[in-house]
K.L.:
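Sharing a structure here in structure tokens format.
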Protein chains: 2
Amino acid sequence: MLSDRIAAHGANPAMIFAALGDRTRLSLLTRLSDGQARSIAGLSADTDITRQAVTKHLRVLEEAGLVKSMRIGRESQFAFKPEPFVELRAYLDSVSRQWDDALSRLRTFVED
Amino acid sequence: MLSDRIAAHGANPAMIFAALGDRTRLSLLTRLSDGQARSIAGLSADTDITRQAVTKHLRVLEEAGLVKSMRIGRESQFAFKPEPFVELRAYLDSVSRQWDDALSRLRTFVED
DNA sequence: CATATCGGCAACCTCCTGGTTGCCCTTTAC
DNA sequence: GTAAAGGGCAACCAGGAGGTTGCCGATATG
């Protein structure tokens with residue numbers, strides 16, 4: 001099952017949220033979300049931080065399952081992985097649903 | 001406008017994600033998402049951390065706009081605020097859309 | 001009024017995070 | 001084969017995050 005592989009990677013919602021909770025990582029991920037895999041050097045070119053810093057961010061994204069990497073020759077290519085977004089949306093939906101239910105209960109109570 | 005008030009509070013997506021990127025805060029928020037406002041003492045009762053720690057987490061959630069507080073007598077009540085969830089969902093959607101577009105472009109390219 | 005309850009403030013501690021630098025190994029390019 | 005490019009590893013650093021304790025002010029409660 002899909003969620004098993006995610007869980008096996010240890011990526012709970014909090015981990016995924018935490019991985020997204022950084023401007024730099026968010027921008028890296030947004031850039032990768034066009035489906036094109038990019039090398040570390042390629043991703044570092046447009047930023048003002050070091051290649052090493054970019055590498056660390058990419059590792060965080062990878063451990064959260066938001067990105068996958070593969071070594072090709074001397075470069076390692078990083079690619080977007082959409083699966084955790086499903087997880088996240090499910091979480092947001094569950095919270096929103098509980099909220100909406102509370103609202104509608106309140107409404108029926110008031111209307112009584 | 002709604003997003004203005006959010007922006008005025010300084011809550012960009014990264015901030016909101018960061019606020020959600022902690023197990024304790026996530027659980028506090030989930031508990032509050034039933035629509036019932038709770039006092040700090042009430043929220044601290046079910047946790048194993050200090051009331052002070054809970055207070056700090058609540059402040060983080062409040063600055064991210066995920067929660068609002070009001071002082072009533074000697075207690076301060078914290079209540080769930082759904083607005084940032086809209087913001088978040090919009091962000092997730094934008095990334096997903098870009099991803100889907102990339103996929104469909106790839107598909108038409110392959111089919112050519 | 002005396003006392004418990006609720007909560008703010010401040011200091012402090014530890015560990016993690018984001019970032020840097022230096023060095024070295026491997027792979028490509030000339 | 002030599003040089004340049006890509007990237008890993010490790011050490012290091014400053015600051016922030018999560019948490020604690022101690023104390024004190026204000027509000028309810030008997």
Side-chain angles (χ1 to χ4, degrees), chain A residues 9-32 36-80 84, chain B residues 9-32 36-80 84:
Chain A
H9 234 277
N12 48 62
M15 270 194 66
I16 307 178
F17 280 129
L20 297 175
D22 179 283
R23 285 190 160 284
T24 307
R25 282 197 291 271
L26 220 45
S27 113
L28 285 174
L29 199 66
T30 305
R31 285 209 274 154
L32 285 175
Q36 275 213 335
R38 286 170 179 82
S39 71
I40 297 180
L43 286 167
S44 305
D46 303 329
T47 68
D48 49 351
I49 60 177
T50 324
R51 171 181 56 84
Q52 288 301 329
V54 173
T55 300
K56 286 192 186 179
H57 283 303
L58 288 173
R59 297 275 169 247
V60 173
L61 288 174
E62 189 172 19
E63 284 182 15
L66 288 159
V67 123
K68 64 169 178 282
S69 71
M70 49 180 173
R71 189 80 187 237
I72 299 181
R74 72 175 160 183
E75 338 188 292
S76 53
Q77 298 283 103
F78 282 81
F80 182 75
Chain B
H9 234 277
N12 47 61
M15 269 194 65
I16 307 178
F17 280 130
L20 296 175
D22 179 283
R23 286 188 159 284
T24 307
R25 282 196 292 270
L26 220 45
S27 114
L28 285 173
L29 199 67
T30 305
R31 286 209 272 154
L32 285 175
Q36 277 214 332
R38 288 170 178 80
S39 71
I40 297 180
L43 286 168
S44 305
D46 303 330
T47 69
D48 49 350
I49 61 177
T50 323
R51 172 181 55 85
Q52 287 301 330
V54 172
T55 300
K56 286 193 186 177
H57 283 302
L58 288 172
R59 297 272 170 252
V60 173
L61 288 174
E62 189 172 19
E63 285 182 15
L66 288 159
V67 123
K68 65 168 178 284
S69 72
M70 49 181 171
R71 189 83 186 232
I72 299 181
R74 72 176 159 180
E75 348 189 284
S76 54
Q77 299 283 99
F78 282 81
F80 182 77

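Lettering of chains follows the sequences in order, A, B, ..., and the numbering in each one begins at 1.
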K.L.:
Could you state the atom-to-atom distance from CZ of R59(B) to P of dG19(D) in whole Å?
P.N.:
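To the nearest whole Å, that distance equals 16 Å.
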K.L.:
What integer distance in Å separates I40(A):CD1 from dG7(D):P?
P.N.:
5 Å
K.L.:
Apply side chain to side chain contact (heavy atoms under 4.5 Å, CB included) to K56(A) and list each qualifying residue two or more places apart in sequence or on a separate chain.
P.N.:
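Counting only residues at least two positions away or on another chain, K56(A) forms no side chain to side chain contact (heavy atoms under 4.5 Å, CB included).
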K.L.:
Just the atom pairs and distances: protein N or O near nucleotides 14-21 of chain C's N or O, under 3.5 Å.
P.N.:
unit_1  : atom_1 : unit_2 : atom_2 : d
dG18(C) : OP1    : R25(A) : NH2    : 3.2
dG18(C) : OP2    : R25(A) : NH1    : 3.2
dG19(C) : OP2    : H57(A) : NE2    : 2.3
dG19(C) : N7     : K56(A) : NZ     : 2.9
dG19(C) : O6     : K56(A) : NZ     : 2.4
dT20(C) : OP1    : T50(A) : OG1    : 3.3
dT20(C) : OP2    : T50(A) : N      : 2.7
dT20(C) : OP2    : T50(A) : OG1    : 2.1
dT20(C) : O5'    : T50(A) : OG1    : 3.0

K.L.:
Which residues pass the side chain to side chain contact (heavy atoms under 4.5 Å, CB included) test with A37(B), not counting sequence neighbours?
P.N.:
Q77(B), A79(B)
K.L.:
Can you sort out the partners of F78(B) under ring-ring contact (aromatic ring centres under 6.0 Å, His included), two or more places apart, ordered by chain and number?
P.N.:
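By the ring-ring contact (aromatic ring centres under 6.0 Å, His included) rule, F78(B) matches no residue at all.
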K.L.:
To the nearest 10°, give me the bend of the helix from dC1(C)-dG30(D) to dC30(C)-dG1(D), comparing the axes of its five terminal pairs at either end.
P.N.:
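Axis-to-axis angle, ends of the helix: 30°.
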K.L.:
Output the rounded distance in Å from CD (E62(A)) to P (dG7(D)).
P.N.:
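Answer to the nearest Å: 13 Å.
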K.L.:
So, taking the atom named CD1 in I16(B) and the one named CG in L61(B), what distance separates them when rounded to the nearest 0.5 Å?
P.N.:
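Going from CD1 on I16(B) over to CG on L61(B), the span is 11.5 Å.
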K.L.:
Describe the nucleic acid contact of R23(A) in one word from base, sugar-phosphate, nothing, applying a heavy-atom distance below 4.0 Å.
P.N.:
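No contact at all - R23(A) keeps every heavy atom at 4.0 Å or more from the nucleic acid.
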K.L.:
With a 4.0 Å limit, can you tell me whether S76(A) has a side-chain N or O closer than that to the phosphate oxygens OP1/OP2 of dG8(D)?
P.N.:
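So the side-chain polar atoms of S76(A) do come within 4.0 Å of the phosphate oxygens OP1 or OP2 of dG8(D), strictly under.
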K.L.:
Could you pull out all residues at least two apart from Q36(B) that satisfy side chain to side chain contact (heavy atoms under 4.5 Å, CB included)?
P.N.:
D34(B), R38(B)
K.L.:
Among residues 66-74 of chain B, which contact DNA chain D at a heavy-atom distance under 4.0 Å?
P.N.:
G73(B), R74(B)
K.L.:
Show the nearest heavy-atom pair for residues A64(A) and P84(A), with the distance to one decimal.
P.N.:
O-CG, 3.8 Å
K.L.:
Taking side chain to side chain contact (heavy atoms under 4.5 Å, CB included) as the test, write out the residues that go with A41(B), two or more places apart.
P.N.:
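S39(B).
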K.L.:
Just to verify, what does R51(A) make a salt bridge (Lys or Arg N to Asp or Glu O under 4.0 Å) with, not counting sequence neighbours?
P.N.:
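Here no residue qualifies.
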K.L.:
In whole Å, I'd like the distance from the CZ atom of R38(A) to the P atom of dG6(D).
P.N.:
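Spelled out: CZ on R38(A) to P on dG6(D) is 15 Å.
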K.L.:
CD of E75(A) versus C1' of dT28(C): gap in Å, rounded?
P.N.:
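The answer, rounded to whole Å, is 10 Å.
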K.L.:
What residues form a salt bridge (Lys or Arg N to Asp or Glu O under 4.0 Å) with D46(B), not counting sequence neighbours?
P.N.:
R31(B)
K.L.:
For residues 12-27 of chain B, which residue pairs pass the salt bridge (Lys or Arg N to Asp or Glu O under 4.0 Å) check, not counting sequence neighbours?
P.N.:
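Passing the test, one end in residues 12-27 of chain B: no pairs.
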K.L.:
Which residues pass the salt bridge (Lys or Arg N to Asp or Glu O under 4.0 Å) test with R74(B), not counting sequence neighbours?
P.N.:
none
